[in-house]
Amino acid sequence: MPFVNEDKRTAYATELATADIGRRVTVNGWCARQRNLGSLIFIDLRDRSGIIQLAFDESTDRETFETAANVRSEYVLTASGVVRSRGADINVNRPTGTIEIAVDRLKILCKAETPPFFITEGDTDVRNELRMRYRYLDLRRPEMMKNIIARSEITKLVRDYYHEKGFIEIETPNLIKPTPEGARDYLVPSRIFPGNFFALPQSPQLYKQLIMYAGFDRYIQIARCYRDEDLRADRQPEFTQIDMEMSFVTEDDVMDMNEGLIHYLYKKFLGVTLPEKFPRIKYAEAMERFGSDKPDIRFGFELCNLTDLLKDCTFRVFEGAIAAGGSVRAINVKGGASFTRREIDSLGEVAKQYGAKGLAWRKKANGEVTSSYAKFLSDAENAAIDKRMDFSEGDLIVIVADNNKIVFDALGALRRECAARLGLLRPDDFKFLWVVEFPLFEYNEEDGRFYARHHPFTAPMEEDIPLIKTNPGTVRARAYDIVLNGTEIGGGSIRISTPDMQGLMFETLGIGEEEAEAKFGFLLEALKYGIPPHGGLAFGLDRLVALTLGYDDIRDVIAFPKAQNSSEPMSRCPAPADPQALHELGIAVINKTDDNEGTGSK
RNA sequence: GGCCCGGUAGUUCAGUUGGUUAGAAUGCUAGCCUGUCACGCUAGAGGUCACGAGUUCGAGUCUCGUUCGGGUCGCCA
């Protein structure tokens, strides 16, 4: 049926209220449910705002009633009528539960097949595969619609904030030079230069620095970024950054500015007033206390070093770790004594995922102490551990002994796992913090060289500059991450702003002059022409929105996300390219077999 | 690339030690029903047990492979 002027909506469903009783309105939307009582029909009409009940009475309007009788789930409707009270028959579960529209004009604008899953008002239990395959139906669910609309609102607030602060929004290119280090690039072949490729940006990093070189002083962009790496619940190959950069600043200025953004967002969007200052802790302290550079500080269970107490220990597991230069550390899981033997064993499995060979434990439940390790230690050693760990009723001590990386990784993960099992991870408890003074370099055992931990344009801390030549592993960076409830939601740094320092950086990373010239020549050249001190930060918008709304899967706030193998199950891509197109690009596909035709043909 | 979990009506699931015709709820279709709101009642239709091979007298169930989805380690400067 054609859509004509008098079919047009005069109100969204949930805009209607008791104040509108007696008013004639037109609504547009989908049939969420139809209830046929014989000579009365009720239809729940859903639009992006929510649901309003349409009422039809056979005795007063037979023709309209018969149209309503033919309506099925997900039919697209336009309905006109007068808003009236439901009297005593109200639905307390709905904002519009006291009113309904007595419809005298109903048009089926479009019929629909029965959808593969029901468009639920609340949580869905439909498996992911189907939701992704029919994402446009999944997005009809009020929950998803709410999330996507919330994302839009948050994005607008972000823009408002930075614009108020004098930031200039600048778009940077999406077809850029492939980057030599870091994550895998998505490549785009060039037709004009066969055999040559653009890369899709992993971030606008170099361009925003050049924007500072140019003198724009304050830049912001909501930037789409791409990384060809395996995805996770909090990681998509295609994601969005709130990217910002400032000139004539120190790291405190950048952190203050962005802390201000978070305050502004939480106030305006959630009505939540966050603590005035987020804690700022050093990387080394974060590792020491939480075993993680992105600690979740909603709960305790801090790490405790027991190495000094066990110097003369003869328990082979502890002894071996200490002798090899590692450490023995523990957490005290308050309330963890309630875990069963089986549950503690499964904690051991968690530890193993992070390279630990297992874990040692000791618990006190109902006055009874049980332990996996006590018999291997002296009474004095056991007593010393109990004292340092403040071991008391209801506690579970978990110990991991190994090299420091494994100990930190395993205990950091166990800390969070135990908190999750004890129900301590409340999604509406927002604990932000900054982690600062990251190491500038990271040594890679495999190829025996240093890599930039953040990126090779990060400035070292002034007092550590002399160490770059003597002991690079100890140099700290002017870098900072912002962490929310155990997830890194943003990070940035003060950048290098002289050619000499940039040269030293490349040298330390084992990038020769020739190589540096080939890869970053334009940047090195630009650095000669008057560069302001500058730095910035990028937030993961998807993560920020997800966590703010109480989700830990960013797919819940992305309209059309990728599946775990980076494919897109709805449109079925990636897909094989047209042979003619490949020919024009000068590309030959090798090892192509019948069962390797992308996701499209399966 | 490694490890783990899963795939049974449209959907969500159950399915015993390997045993005859694979069930439930919901959805769908039809009939009845004047105040429902997860309407109710009655009846009906609906299955390549993901795919392939193997073991077996016999496989939804056991084995192997493949595939799809999810988690995770590696990876993500």
Side-chain angles (χ1 to χ4, degrees), chain A residues 32-45 51-60 65 72-73 84-94 96-98 100 102 113-134 137 179-185 202-203 205-206 225-237 239 346 349-350 352-356 406 409-410 413 417 438-442 444 446 450-458 477 479 488 491 493 505 509 511 540 552-553 555 563-565 567 569 595 599 602:
Chain A
R33 271 200 159 93
Q34 185 241 43
R35 292 178 290 278
N36 188 334
L37 277 63
S39 49
L40 275 182
I41 292 174
F42 299 100
I43 289 174
D44 289 339
L45 180 116
I51 283 175
I52 183 83
Q53 175 166 282
L54 311 179
F56 304 85
D57 189 333
E58 186 177 31
S59 62
T60 58
F65 180 89
R72 295 289 177 273
S73 284
R84 72 181 177 204
S85 168
R86 293 200 204 175
D89 302 310
I90 62 171
N91 182 345
V92 294
N93 299 317
R94 246 177 224 150
T96 58
T98 59
E100 64 188 7
E113 285 188 21
T114 304
F117 52 85
F118 187 69
I119 315 295
T120 52
E121 279 178 64
D123 286 348
T124 181
D125 56 1
V126 175
R127 65 173 192 274
N128 222 282
E129 191 181 348
L130 267 189
R131 290 179 56 196
M132 293 307 156
R133 180 90 201 275
Y134 299 92
L137 297 179
T179 50
E181 291 196 56
R184 253 179 238 115
D185 284 328
Q202 298 179 25
S203 92
Q205 186 58 41
L206 289 178
C225 303
Y226 309 85
R227 291 177 190 174
D228 188 5
E229 296 290 349
D230 288 356
L231 62 78
R232 293 279 192 281
D234 64 354
R235 220 161 75 191
Q236 284 268 312
F239 63 102
S346 75
E349 293 306 309
V350 173
K352 282 176 188 167
Q353 279 189 6
Y354 294 85
I406 289 176
D409 285 354
E417 175 67 26
F438 277 84
L440 184 62
F441 301 105
E442 210 164 34
N444 184 303
E446 270 172 42
F450 284 98
Y451 281 86
R453 191 185 166 93
H454 188 45
H455 55 58
F457 320 109
T458 305
E488 179 201 330
S493 64
M505 188 73 184
L509 293 172
I511 301 172
D552 43 35
D553 192 331
R555 281 172 291 204
Q564 208 199 15
N565 61 3
S567 73
D595 53 19
T599 55
K602 287 183 185 171

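Throughout, protein chains are lettered first and strands after them, A, B, ... in sequence-line order, and every chain is numbered starting at 1.
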Tell me whether the side-chain N or O atoms of [X] pair up with the base of [N] as donor and acceptor below 3.5 Å, since no angle test is needed here.
X: A/Arg133; N: B/C68; result: no
X: A/Arg235; N: B/C76; result: yes
X: A/Arg86; N: B/C37; result: yes
X: A/Glu58; N: B/U34; result: no

[N] versus [M] - spacing of their [atom1] atoms, nearest Å:
N: B/C5; M: B/U11; atom1: P; result: 24 Å
N: B/A22; M: B/U26; atom1: P; result: 22 Å
N: B/G47; M: B/A9; atom1: P; result: 10 Å
N: B/G35; M: B/A45; atom1: C1'; result: 31 Å
N: B/U61; M: B/U8; atom1: C1'; result: 11 Å
N: B/U21; M: B/C64; atom1: C1'; result: 31 Å
N: B/G46; M: B/G71; atom1: C1'; result: 34 Å
N: B/G74; M: B/C13; atom1: C1'; result: 35 Å

OP1 or OP2 of [N] versus the side-chain N and O atoms of [X]: is any pair under 4.0 Å?
X: A/Arg127; N: B/C68; answer: no
X: A/Arg35; N: B/C39; answer: yes
X: A/Arg184; N: B/C76; answer: no

(Q) Please check this pair: side chain of A/Gln202 against backbone of A/Ala183, looking for a donor-acceptor N/O pair closer than 3.5 Å. (A) yes

Please report the distance, rounded to the nearest Å, between [atom1] in [X] and [atom2] in [N].
X: A/Lys352; N: B/G74; atom1: NZ; atom2: P; result: 18 Å
X: A/Asp123; N: B/U26; atom1: CG; atom2: P; result: 20 Å
X: A/Leu37; N: B/U36; atom1: CG; atom2: P; result: 8 Å
X: A/Phe118; N: B/C13; atom1: CZ; atom2: C1'; result: 19 Å
X: A/Leu137; N: B/U11; atom1: CG; atom2: P; result: 13 Å
X: A/Leu130; N: B/A9; atom1: CG; atom2: C1'; result: 14 Å
X: A/Arg33; N: B/U26; atom1: CZ; atom2: C1'; result: 10 Å
X: A/Asn36; N: B/C37; atom1: CG; atom2: C1'; result: 14 Å

Q: For the residue pair A/Ser493 and A/His455, establish whether any side-chain heavy-atom pair is separated by less than 4.5 Å.
A: yes

Q.
Could you tell me if the side chain of A/Arg33 sits less than 4.5 Å from the side chain of A/Ile51, heavy atoms only?
A.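 Of all side-chain heavy-atom pairs linking A/Arg33 with A/Ile51, none is under 4.5 Å.
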
Who does [N] pair with, Watson-Crick or G-U, both distances under 3.5 Å?
N: B/A22; value: none
N: B/G44; value: B/C28
N: B/U36; value: none
N: B/G69; value: B/C5
N: B/C64; value: B/G52

From [options], nucleotide with atom closest to [X] side chain:
X: A/Glu100; options: B/G35, B/U34, B/A38; result: B/G35
X: A/Ser39; options: B/U34, B/U12, B/U11; result: B/U34
X: A/Asn91; options: B/U12, B/G35, B/C37; result: B/C37
X: A/Glu229; options: B/C75, B/U12, B/G35; result: B/C75

Q | Position toward the 5' end of RNA chain B (nearest nucleotide), A/Asp44 or A/Asp125 | A |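 Comparing both residues, the 5'-ward one is A/Asp125.
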
Q.
Pick the closest RNA chain B nucleotide for A/Asn444 and for A/Gln34 by heavy atoms, then say which residue is nearer the 5' end.
A.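 Looking at RNA chain B, the more 5' nearest nucleotide goes with A/Gln34.
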
Q: State, without any angle test, whether A/Arg35 and A/Gln53 hold a side-chain donor-acceptor pair at a distance under 3.5 Å.
A: yes

**Q.** Sugar-phosphate only, base, or nothing, as touched by A/Pro569 at under 4.0 Å among non-hydrogen atoms
**A.** nothing

Q: Identify whether any heavy atom of A/Ser59 sits under 4.0 Å from a base atom; if not, whether one sits that close to sugar-phosphate; answer base, sugar-phosphate or nothing.
A: base

Q: Specify the closest pair of heavy atoms between A/Pro456 and A/Leu509, including all atoms of both residues, with the distance to one decimal.
A: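 Shortest heavy-atom separation between A/Pro456 and A/Leu509 comes out as CB-CD1, 3.6 Å.
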
Q) Which atoms form the tightest heavy-atom contact between A/Leu231 and A/Ala563, and what is the distance? A) CD2-O, 2.8 Å

Tabulate protein N/O versus nucleotide N/O from nucleotides 70-73 of chain B, keeping only pairs under 3.5 Å, one per line.
| from | atom 1 | to | atom 2 | distance (Å) |
| --- | --- | --- | --- | --- |
| B/G70 | OP1 | A/Arg555 | NH1 | 3.3 |
| B/G70 | OP1 | A/Gln564 | N | 3.3 |
| B/G70 | OP2 | A/Gln564 | N | 2.9 |
| B/G70 | O3' | A/Arg555 | NH2 | 3.4 |
| B/G70 | N7 | A/Gln564 | OE1 | 3.4 |
| B/G71 | OP1 | A/Arg555 | NH2 | 2.2 |
| B/G71 | N7 | A/Gln564 | NE2 | 3.2 |
| B/U72 | O2' | A/Gln353 | OE1 | 3.0 |
| B/U72 | O4 | A/Gln564 | NE2 | 3.3 |
| B/C73 | OP1 | A/Tyr354 | OH | 2.9 |
| B/C73 | OP2 | A/Arg232 | NE | 3.4 |

Q. If you measure from the Lys or Arg side-chain nitrogens to the Asp or Glu carboxylate oxygens, is any gap between A/Glu229 and A/Arg227 under 4.0 Å?
A.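 Salt bridge between A/Glu229 and A/Arg227, a charged N being under 4.0 Å from a carboxylate O: no.
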
(Q) For B/U11, is there a stacking contact with A/Phe117, counting only centres under 5.5 Å and planes under 30°? (A)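 Not stacked: fails the 5.5 Å / 30° test.
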
Q: Output, in order, the C-alpha distance, side-chain angles, deciding distance and verdict of side chain to side chain contact (heavy atoms under 4.5 Å, CB included) for A/Val126 and A/Phe118.
A: CA-CA 9 Å; A/Val126 175; A/Phe118 187 69; over 6 Å; no

**Q.** Test salt bridge (Lys or Arg N to Asp or Glu O under 4.0 Å) applied to A/Asp57 - qualifying residues, sequence neighbours left out
**A.**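 Testing A/Asp57 for salt bridge (Lys or Arg N to Asp or Glu O under 4.0 Å), a comparison that skips the adjacent residues, returns none.
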
**Q.** Flag if over 12 foreign heavy atoms under 6.0 Å of CZ, A/Arg184
**A.**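 No, CZ of A/Arg184 has 12 or fewer neighbouring heavy atoms, counting only those of other groups under 6.0 Å.
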
